[in-house]
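Every number for a ligand or one of its atoms is a count from 1 in the order of the listing.
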Amino acid sequence: MHVPATRGPVSAELLAALGRNDFDAPLPTLESAVDAALRATDDILYDDDLQLALLCLYELHYSGIEGVDDRWEWHPALLAVRSRIESAFEDRLRSGIKVGGIEAAGAEFEDRTISSAQGVAEALFRMSEGGDGPSVSDFVARKATLDQVREFLVHKSIYQLKEADPHTWAIPRLPGRAKSAMVEIQADEYGGGRAGRMHSELFARTMEGAGLDPAFGRYVDLLPAITLASVNAMSLFGLQRRLRGAIVGHLAIYEMTSSIPNAKYARGFRRLGFESPVTDYFDEHVEADAVHEQIAGRDLAGGLVESDPRLASDVFFGAAAVCLLDELVGAWQLGAWQEGRSSLLAALPAPEAA
Ligand SMILES: [Fe+2]
Ligand SMILES: [Fe+2]
């Protein structure tokens with residue numbers, strides 16, 4: 001990823017530090033900027049400065065940031081500030097999930113009445129049906145303009161161009177049946193051994209076909225905090241063994257809420273005149289995720305809870321976090337489009353190629 005534009009004192013201090021190579025120096029100004037920002041923020045989910053900083057800290061564990069030395073990845077002072085931001089972020093997500101129908105599904109997990117793999121899968125499927133608010137997929141299918149579907153791709157690109165990677169961190173942390181299920185799903189996400197068929201590569205071709213640059217992070221400066229928060233949540237869950245239940249719940253509900261919306265996205269792109277290879281990414285998910293959702297619910301999430309019932313509430317937490325963040329990102333996009341505004345922080349450049 002290129003070095004993004006700063007959005008406040010935390011990202012400014014962080015990116016300034018990452019530009020230096022004095023790994024022994026402490027980072028007191030970064031630490032105090034983080035503390036001040038955490039005290040001042042109204043809502044960390046919408047805090048551009050903190051979410052951008054967290055994204056950059058996580059990117060050190062993925063493909064890195066241009067010109068930034070890889071030795072920063074495990075720098076103790078960076079891990080310390082990351083942990084402070086994460087703790088506020090996790091608290092916000094845990095309090096945020098007590099909304100609407102999601103709370104009821106959570107209560108089932110909390111009272112531990114569900115401990116069989118089948119029971120876990122059924123509860124997750126019920127959660128995946130929640131939310132009768134307006135949906136981005138319906139909007140894309142029926143009404144979205146070319147400009148709006150291009151914005152939609154830009155929002156998705158900060159995850160889909162590294163699709164599956166945050167969940168992969170969890171593989172060594174899972175036991176038996178859950179691990180096998182995770183590997184089976186992830187193998188498909190990475191193209192099943194076929195070059196060029198990784199879902200991230202299919203998504204890159206969708207972007208190219210819509211006249212967008214598929215380089216990872218190319219549009220990071222246009223993305224609002226809430227979009228960054230939705231991908232930061234995956235890294236938060238994926239990078240910590242403590243949260244292995246949450247990353248499993250995250251993947252399970254993600255797979256369960258994928259097949260039908262992707263059919264609608266495909267319909268929307270065809271309505272606007274696109275065909276293969278632009279529509280391949282969506283078509284692939286209609287088929288693949290109808291299978292993945294079964295494996296993810298019963299064998300992955302269910303298998304994990306059967307092997308360790310104490311993880312049930314975190315499986316639910318991870319799943320509920322997806323429902324919450326999807327709803328908030330969707331509300332952000334639809335709110336902007338209904339008012340005739342861009343859902344991005346600045347206008348998107350015109351298509352580069354037809
Ligand atoms: Fe996928
Ligand atoms: Fe999938």
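- Protein contacts to the Fe ion (ligand 1) involving N, O or S atoms at a distance below 2.8 Å are Glu163 OE2, Glu189 OE1, His199 ND1, His285 NE2.
- Ring geometry for His167 versus Tyr254: interplanar angle of 30 to 60°, hence tilted.
- If you check the side chains of His285 and His199, you find a donor sitting under 3.5 Å from an acceptor.
- Between Met1 and Leu55, some side-chain heavy-atom pair lies under the 4.5 Å cut-off.
- The minimum distance between the Fe ion (ligand 2) and any N, O or S atom of Glu255 involves atom OE1.
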Item checked: From CA spacing to verdict: side chain to side chain contact (heavy atoms under 4.5 Å, CB included), Asp314, Phe237 -> CA-CA 10 Å; Asp314 266 358; Phe237 300 159; over 6 Å; no
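- By the side chain to side chain donor-acceptor pair (under 3.5 Å) test, Ser83 is found to be paired with no residue, residues two or more places apart in sequence or in another chain being considered.
- Ring geometry for Phe269 against Phe152 counts as tilted: the plane angle lies between 30° and 60°, on a 0 to 90° scale.
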